[in-house]
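Throughout, protein chains are lettered first and strands after them, A, B, ... in sequence-line order, and every chain is numbered starting at 1.
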2 protein chains.
Amino acid sequence: MHADEKPCERARTLDDLAKAVGVSRTTASNAFNRPEQLSAELRGRILRTAEALGYPGPNPMARMLRTGRTGSIGLLFGDTLPYALDDDTSIALLKGLARVCEKRRSGLLLLPVMDDAAAAQAVRAAAVDGFILYCLPDGSPVVPQVLERRLPVVTVDSVSVEGVPSISIDDLAGAQQAAAHLLELGHRRLAILSLDLQTEEHFGVVTRQRRSEIHYRPTALRLEGYGAAMREKGLDLRRVPVFECPGNSEEHARRATLELLAGRTPPTGILAMSDRFAIGAFQAASQLGLQVPRDLSVVGFDDIPLAARFRPALTTVRQPLVEKGVAAAEMLLKKRTPAISRVLETRLIQRESTGPAPGR
Amino acid sequence: MHADEKPCERARTLDDLAKAVGVSRTTASNAFNRPEQLSAELRGRILRTAEALGYPGPNPMARMLRTGRTGSIGLLFGDTLPYALDDDTSIALLKGLARVCEKRRSGLLLLPVMDDAAAAQAVRAAAVDGFILYCLPDGSPVVPQVLERRLPVVTVDSVSVEGVPSISIDDLAGAQQAAAHLLELGHRRLAILSLDLQTEEHFGVVTRQRRSEIHYRPTALRLEGYGAAMREKGLDLRRVPVFECPGNSEEHARRATLELLAGRTPPTGILAMSDRFAIGAFQAASQLGLQVPRDLSVVGFDDIPLAARFRPALTTVRQPLVEKGVAAAEMLLKKRTPAISRVLETRLIQRESTGPAPGR
DNA sequence: TCCATTTTCTTGATCGTTTCAGATCACCCG
DNA sequence: CGGGTGATCTGAAACGATCAAGAAAATGGA
């Protein structure tokens, strides 16, 4: 039809394609993006020629530059990627985000966050329409970096940033229920297995000094919740040992529990800030020949899928893990990201890992 | 110093910044990308002004367009994203990929793959330097779409594509070991819990017809491996029921096992193509009051983290899940993606879910 | 038949970088 | 003193698309 259709040469740009078909570049562009702007016949011809020439469609980078939209959102973890993927709660968040992204046909870019420098670079170089910040600690230097990009941002389980919408859970109420439950059962000698308090990792019972400066919001709130329940019973959180275990690892929790149980006044009830910690505590107990919940009660946090299936099944604080992701992604992908914050509910799930305090 | 520094106005482009400092655009660009091209003094001044003006660094889209590099790789699943994130093997792959990406400071873009149309669009629009294709079935229409982009590609556990490097595991040998193990223990009445054979989901014992057309390479190879072990003992794979369970779900495997055990000649040994299936089989057994491995032996596949912790601990075929991801990402991120394929080893791990055939 | 309207296609500007090929300048050496 | 040599810095040309505005062609109504 057109003499200058050369199927031998590959078309790399819209111009090549347009020339091959014998139309203008804009028309070729419209064939891809605005079907209503040209006759069906011509559109068909352009698309067929594109196919024949092996033209892979408009270059994404050029399109992004021109339109300013990228069609994907960036996810920034407070921890390194492989580490986050070891954690059931992050996976669940990811699942929630993915659900929404897929529905909206948006990509989900996992940003590398090895160290602060790498994270900063990743944030500057990310071709995204917005950021989700997950588990970022107070004072993290990447937060200002993100804000500088002037893109929509939603934080999840992070430090609260002025003017930035956030999704979080009611950590305080959840922790309060957990502690109230143990106290209700008559436990008076409690111990806490705590998530990281500060960005610098630490393993051991924390000093009053360290307790007073907590970088991670959920940790702070959960501690506060535990304390609130204790106050109601006339107990003092400051007298309860808080054992900090870095990185939500079972192994650390196991060793921590071992240490706690070896103390002069071993706890009868353990408040674990995660289900992984609770499982670690189980391991310590069984290692010492103690039975859960007969000799030791443990209440976890999160209600990860494993919690219900574990024997003994975990008594734990359920938080809507996947929902958090859904809410965050939806908030971010809204036309105008609303400047509101949502606090999702938590609720104690009683299963088999808690019982009356021994000697009652 | 320079009269035209206006800290009130935000600099949006390199030009703005350059003008504010009183240098050329190129120099401003060099301040960010080529420190050796300008004096330290000037560079410092440019960077400081950038900070002061709130310039977030060179626009990523423009940079990508110009350089042709994006600094991230795309991951395409054969299944929808939320579904893939429900699967421990995908998570492990992700972990491997993430490890390498983080080391190389590359992003990892999860592409939405709701349906073929969405996947095609996502592939065309993805700003990536290469693709990883995971678990893509034979005849998937997105494969040609990906190839059209003329970017490096590495397939993982997928249909093999001419000229495209691939990472896979020795499915055949692994399955063969699994079956040989059961046969060795005296089991003669076997049944297979199979992963998807074809893209159209199916739940039930498969016909000979369906067996002959398998879209998923690992499934085909594992079946072949089971058959090879059987042939050695004079058995015929075609006489062994193959129960197809869609989507690696425990629940389907449980129901499948229930059906199999209710048949006229219930199996004494079950070859599960995944650990999830094996766990489903456990549930069915315990539901019928059968003991594993006394009454029923089950051998899984994958060796997911849960396999060792489960009671009874799973006898299963270990495949290097994380390693697959590492290998794939490294291959893709090499300067010149090598056109070779790697087949990683598999190996039977004997634990507690297999024992001698009853009545021996 | 002719003007108004709609459909269809084109022109030219623009998005914000990077990069190549100089230009400028001081400096050093013979 | 003249020219070679680095060290710094600049100008202009891409990179490949989209979009607003306008031209050309087709359509319709009186």
Val113(B) side chain reached by Glu102(A) side chain, heavy atoms, under 4.5 Å: yes
Length of the CG-P vector between Leu14(B) and dT19(C), whole Å: 12 Å
Heavy-atom side-chain contact between Phe32(B) and Leu17(B) under 4.5 Å: yes
Spacing of Asp15(B) atom CG relative to dA12(D) atom P, expressed in whole Å: 13 Å
Leu108(A) vs Ile132(A) side-chain heavy atoms within contact, under 4.5 Å: no
Nearest-Å distance for atom pair CG/P, residues Leu65(A) and dA14(D): 17 Å
Spacing between Met61(A) atom CE and dT18(D) atom P, to the nearest angstrom: 14 Å
Residue-phosphate contact under 4.0 Å: Asn33(A) side-chain N/O, dT18(D) OP1/OP2: yes
Given dA13(C), dT17(C), dT19(C), the nucleotide with the shortest approach to the side chain of Pro58(B): dT17(C)
Under-3.5 Å donor-acceptor pair between Thr26(A) side chain and dC19(D) base: yes
Any Tyr55(A) side-chain nitrogen or oxygen under 4.0 Å from OP1 or OP2 of dG16(D): no
Distance below 4.0 Å between Arg34(A) side-chain N/O and dC19(D) OP1 or OP2: yes
Ile46(B) and Asn30(B), any side-chain heavy atoms less than 4.5 Å apart: no
Any Thr27(B) side-chain nitrogen or oxygen under 4.0 Å from OP1 or OP2 of dT10(D): yes
Sub-4.5 Å side-chain heavy-atom contact between Lys103(B) and Glu330(B): yes
Phosphate contact (dC15(C) OP1 or OP2) by Asn59(B) side-chain N/O below 4.0 Å: no
Sugar-phosphate, base or nothing in reach of Leu38(A), heavy atoms under 4.0 Å: sugar-phosphate
Among dT18(C), dA17(D), dC19(D), the nucleotide that comes nearest once only the side chain of Ser29(B) is considered: dT18(C)
No-hydrogen, no-angle side-chain donor-acceptor test under 3.5 Å, Asp15(A) and Thr13(A): no
base_contact_polar (dT10(C) base, Arg25(A) side chain, donor-acceptor, <3.5 Å): no
Donor-acceptor pair (no angle test) under 3.5 Å: Arg66(B) side chain, dT17(C) base: no
Spacing of Met64(A) atom CE relative to dC19(D) atom C1', expressed in whole Å: 18 Å
Side-chain N or O of Ser24(B) closer than 4.0 Å to phosphate OP1/OP2 of dT10(D): yes
Arg63(B) side chain, from C-beta outward: closest of dG16(C), dC9(D), dT18(C): dT18(C)
Distance in angstrom units between Leu42(B) CG and dA7(D) P, rounded: 16 Å
Length of the CG-C1' vector between Asn30(B) and dG11(D), whole Å: 13 Å
Touch class at under 4.0 angstrom, heavy-atom based, for Arg12(B) against every strand present: sugar-phosphate
Whole angstrom value for the distance that separates C1' of dT8(C) from CD of Gln37(A): 8 Å
